[in-house]
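These notes are about the structure you will find just below.
Heavy-atom basis, side chains included; hydrogens, waters and symmetry copies ignored.
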Amino acid sequence: MRKMLILVAMSAALMTAGSSAKAQVDLSAYADSEGFIDIQALTCAQLAGTWQDQADLLSAWYSGWYNGLAKRHYMDIRKGREAEHELIAYCKANPQLRIIQAIDIVFKSMRERAGIKVQ
């Protein structure tokens with residue numbers, strides 16, 4: 001009887017762990033027929049649900065986009081990693097937002113903490 005209870009408990013634990021785990025989705029799943037991804041349409045759920053190397057790729061793309069808009073020609077690797085980490089954490093908590101909305105919120109928070117005022 002004891003062995004049976006242990007097996008039932010282990011099976012229940014494995015089923016619970018398996019049901020909460022989500023499969024990673026490759027970014028190519030969001031590409032159109034020509035292979036392009038509409039970066040502005042991607043959601044936080046999609047970022048949080050992709051592979052880490054692809055989240056890194058997206059973060060680098062967004063960093064280049066924002067730095068290009070600001071006409072900056074340099075990169076702070078440490079801050080970039082920090083921003084990516086904060087963005088993914090924020091996206092996991094707010095999967096319904098588009099990534100570009102989450103970036104605005106995360107960047108604003110990072111600037112406030114650093115005492116940076118945007119004109």
List the atom pairs, donor and acceptor, that lie under 3.5 Å between side-chain atoms in residues 67-80 and the rest of the protein, sequence neighbours left out.
unit_1, atom_1, unit_2, atom_2, d
Asn67, ND2, Ser63, O, 2.9
Asn67, ND2, Ser63, OG, 3.2
His73, NE2, Lys71, O, 3.4
Asp76, OD1, Arg78, N, 3.1
Asp76, OD1, Lys79, N, 3.1

Using modelled atom types and a 3.5 Å cut-off, is there a donor and acceptor pairing between side-chain atoms of Tyr30 and backbone atoms of Ala41? no
Taking C-beta and beyond as the side chain, do Gln54 and Gln46 meet within less than 4.5 Å on heavy atoms? no
Heavy-atom closest contact (Ala55 atom, Ile88 atom, distance): CB-CD1, 4.0 Å
Contacts table for residues 97-107: side-chain donor-acceptor under 3.5 angstrom, sequence neighbours left out:
unit_1, atom_1, unit_2, atom_2, d
Arg98, NH1, Gln40, O, 3.2
Gln101, OE1, Arg98, N, 2.8
Asp104, OD1, Tyr66, OH, 3.2

First locate atom CG of Asp32, then atom CG of Asp38, and finally report the distance between them rounded to the nearest 0.5 Å. 9.0 Å
Taken to the nearest 0.5 Å, the spacing of Leu27 CG from Ile39 CD1 works out to 8.0 Å
Between the SG atom in Cys44 and the NZ atom in Lys92, the distance rounded to the nearest 0.5 Å is 11.5 Å
Could you tell me the separation between the CG atom of Leu42 and the CD1 atom of Ile37, rounded to the nearest 0.5 Å? 6.0 Å
Donor-acceptor contact below 3.5 Å, side chain Thr50 vs main chain Val25: yes
If you round to the nearest 0.5 Å, how far is CD of Glu82 from CZ of Arg113? 6.0 Å
Run the ring pair (Phe, Tyr, Trp, His ring centres under 6.0 Å) test against Trp65 and tell me which residues pass, sequence neighbours left out. Trp61
Quick check on Arg111: does its CZ atom have over 12 non-hydrogen neighbours (other residues, nucleotides or ligands) under 6.0 Å away? yes
Glu84 side, atom CD; Cys91 side, atom SG - distance, nearest 0.5 Å: 11.0 Å
